[in-house]
Asker: 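Have a look at this one.
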There are 2 protein chains.
Amino acid sequence: MKPSPLREQSYLILLALAPEPLYGYGLIAAVRELSDGRVKLGAGTLYGALDRLGADGLVTLDHEEVVDGRFRRYYKLTDQGHRVLTAETERLAELAARARRRLAASRVAPRPAG
Amino acid sequence: MKPSPLREQSYLILLALAPEPLYGYGLIAAVRELSDGRVKLGAGTLYGALDRLGADGLVTLDHEEVVDGRFRRYYKLTDQGHRVLTAETERLAELAARARRRLAASRVAPRPAG
DNA sequence: GCTCTATATGTCGCTCGGCGATATATATGT
DNA sequence: ACATATATATCGCCGAGCGACATATAGAGC
């Protein structure tokens with residue numbers, strides 16, 4: 001109902017799903033790559049997040065298939081999921097820009113009266 | 001000992017402290033402004049985070065003073081805190097840039113074969 | 001004087017998310 | 001037979017976020 005604010009892990013899941021649908025195990029690898037190896041999703045994190053994102057209407061089931069005898073369940077972004085991801089990305093970019101400005105300013109003037 | 005990965009709240013606390021030392025109540029206001037009103041730190045969050053950041057060596061006590069009969073405890077970044085904040089900011093900026101590229105690409109080609 | 005709001009610190013307990021351990025199943029390699 | 005990799009899913013622990021509460025001062029309004 002009330003969409004909880006995105007944690008980094010959930011944001012990365014949405015971002016990973018942006019170009020095309022992915023299945024669970026593939027998502028873990030995609031998120032790891034997107035974050036340069038920093039975020040390694042645990043199984044509990046992944047399926048818990050997927051349930052929540054599904055309940056919030058941001059992610060939905062795409063299709064299921066069997067590859068090499070192994071079952072894969074593919075998920076994709078909903079329209080709302082895409083909108084939320086876009087908005088969150090803009091928010092993130094603005095925060096990063098603001099942070100850089102603030103750091104540059106504090107380097108020159110560590111104190112207000114400096 | 002082992003510095004846990006920064007949540008958004010802790011990151012904003014570090015960022016707020018970058019230009020100059022701040023006291024608890026002022027930090028709550030600063031973080032709210034830095035995040036455009038989106039992140040409103042609860043008291044439990046603030047002092048819990050301050051304890052953790054202190055234990056990790058990122059934040060330390062600056063000084064204490066009484067203003068208008070009210071006690072204020074000021075905190076400031078350590079050198080390590082400044083380094084961590086800078087690194088985290090760069091990571092954030094890179095992620096945001098990567099996310100924008102990924103979104104732009106998926107808008108043109110929703111599917112690999114599109 | 002009493003109450004409410006704002007400022008200021010800090011604690012306590014609840015809830016929820018992250019995550020490793022575990023279970024299940026198939027394919028491959030040694 | 002055993003280990004490794006792929007693949008899904010559940011369980012319970014732990015820790016972070018957070019509201020509620022306690023405490024204290026200052027000022028406004030009645």
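Just so you know, these numbers come straight off a predicted model, no measurement behind them.
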Asker: Is there a Watson-Crick or G-U wobble partner for C/dT30 with both distances under 3.5 Å, and if so, which one is it?
Answerer: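 Its partner is D/dA1.
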Asker: Starting from C1' on C/dG20, measure out to CG on A/Leu41 and report it in whole angstrom.
Answerer: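 Atom-to-atom, A/Leu41 to C/dG20, this comes out as 13 Å.
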Asker: Can B/Gln80 and B/His82 be counted as having a side-chain donor-acceptor contact under 3.5 angstrom?
Answerer: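 There is no such pair between these side chains.
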Asker: Within the structure, does a side-chain N or O atom of B/Arg52 lie under 4.0 Å from either OP1 or OP2 of D/dA16?
Answerer: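 True: B/Arg52 side-chain N/O within range (under 4.0 Å) of D/dA16 OP1/OP2.
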Asker: Considering just the side-chain nitrogens and oxygens of A/Tyr23, establish if one lies under 4.0 Å of OP1 or OP2 belonging to D/dT8.
Answerer: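 No, because none of the side-chain N or O atoms of A/Tyr23 sits under 4.0 Å from OP1 or OP2 of D/dT8.
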Asker: Quickly work out the A/Arg38 CZ to C/dC19 C1' distance and round it to whole Å.
Answerer: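 Taking CZ of A/Arg38 and C1' of C/dC19, I get 19 Å after rounding.
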Asker: Which is true for B/Gly24 with a 4.0 Å heavy-atom rule: it touches a base, it touches only sugar-phosphate, or it touches nothing?
Answerer: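 The residue B/Gly24 makes sugar-phosphate contact but no base contact.
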Asker: If you assign each of A/Pro5 and A/Ile28 to its closest nucleotide in DNA chain D, which residue comes earlier from the 5' end?
Answerer: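 Upstream on the strand: A/Ile28.
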Asker: Figure out the CG/P separation between A/Leu6 and C/dC16, and round it to whole Å.
Answerer: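 After rounding, the gap between these two atoms is 17 Å.
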Asker: How close do B/Ala16 and B/Leu27 get, counting heavy atoms only, and between which atoms?
Answerer: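 Scanning both residues completely, I find the closest heavy atoms to be CB-CD2, 3.7 Å.
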Asker: Heavy-atom nearest nucleotide on DNA chain C for A/Ser10 versus A/Asp68: which residue maps closer to 5'?
Answerer: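 Of the two residues, A/Ser10 wins.
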Asker: Would you please confirm or rule out a distance under 4.0 Å between OP1 or OP2 of C/dA8 and any side-chain N or O of B/Arg72?
Answerer: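 Yes, within the criterion.
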Asker: Measure the distance from CG on B/Leu61 to P on C/dT9 and round it to the nearest whole Å.
Answerer: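 To the nearest whole Å, that distance equals 11 Å.
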Asker: Begin with the C-alpha distance, continue with both residues' side-chain angles, and end with the deciding distance and a verdict on side chain to side chain contact (heavy atoms under 4.5 Å, CB included) for A/Tyr75 and A/Asp62.
Answerer: CA-CA 5 Å; A/Tyr75 299 88; A/Asp62 187 59; 6.0 Å; no
Asker: Counting just side-chain N and O atoms, does A/Tyr47 come under 4.0 Å of either OP1 or OP2 of D/dT8?
Answerer: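 It does, given that an N or O in the side chain of A/Tyr47 lies less than 4.0 Å from OP1 or OP2 of D/dT8.
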Asker: Check this one for me: any side-chain N or O of B/Thr45 less than 4.0 Å away from OP1 or OP2 of D/dG17?
Answerer: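 For D/dG17, OP1/OP2 do not have a side-chain N/O of B/Thr45 under 4.0 Å.
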Asker: Is there a side-chain contact between B/Arg70 and the phosphate of D/dG27, meaning an N or O under 4.0 Å from OP1 or OP2?
Answerer: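 No, because none of the side-chain N or O atoms of B/Arg70 sits under 4.0 Å from OP1 or OP2 of D/dG27.
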Asker: Nearest whole Å is fine: how far is D/dA7 P from A/Leu50 CG?
Answerer: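 Between P of D/dA7 and CG of A/Leu50: 15 Å.
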Asker: If you look at every strand shown and take non-hydrogen atoms under 4.0 Å, does A/Tyr75 touch a base, only sugar-phosphate, or nothing?
Answerer: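 Counting heavy atoms under 4.0 Å across all strands, the contact made by A/Tyr75 is with sugar-phosphate only.
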Asker: Can you tell me how far P of C/dG18 sits from CD of B/Glu8, to the nearest Å?
Answerer: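 Checked: the CD to P distance equals 13 Å.
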Asker: Looking at D/dC18, I'd like to know if its phosphate oxygens (OP1 or OP2) sit under 4.0 Å from a side-chain N or O belonging to B/Arg7.
Answerer: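 Answer is no, no contact under 4.0 Å.
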Asker: Does B/Arg98 pair with A/Asp36 as a salt bridge, N-O distance under 4.0 Å?
Answerer: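 Yes, B/Arg98 and A/Asp36 are salt-bridged.
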Asker: Salt bridge or not between A/Glu94 and A/Arg91? Use side-chain N to carboxylate O under 4.0 Å.
Answerer: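 No.
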Asker: Within this structure, what is the CZ-to-P distance between B/Phe71 and D/dA26, rounded to whole angstrom?
Answerer: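 One finds 15 Å between P of D/dA26 and CZ of B/Phe71, rounded.
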Asker: Inspect the contact between B/Glu90 and A/Arg100 and indicate whether a charged nitrogen and a carboxylate oxygen are less than 4.0 angstrom apart.
Answerer: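 Looking at A/Arg100 and B/Glu90, the cut-off is met.
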Asker: Atom OH of A/Tyr25 and atom P of C/dA27: how far apart are they, to the nearest Å?
Answerer: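 Rounded to whole Å, this separation is 16 Å.
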Asker: Base, sugar-phosphate alone, or nothing: which one does B/Gly44 contact when heavy atoms must sit under 4.0 Å apart?
Answerer: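 Result for B/Gly44 = base.
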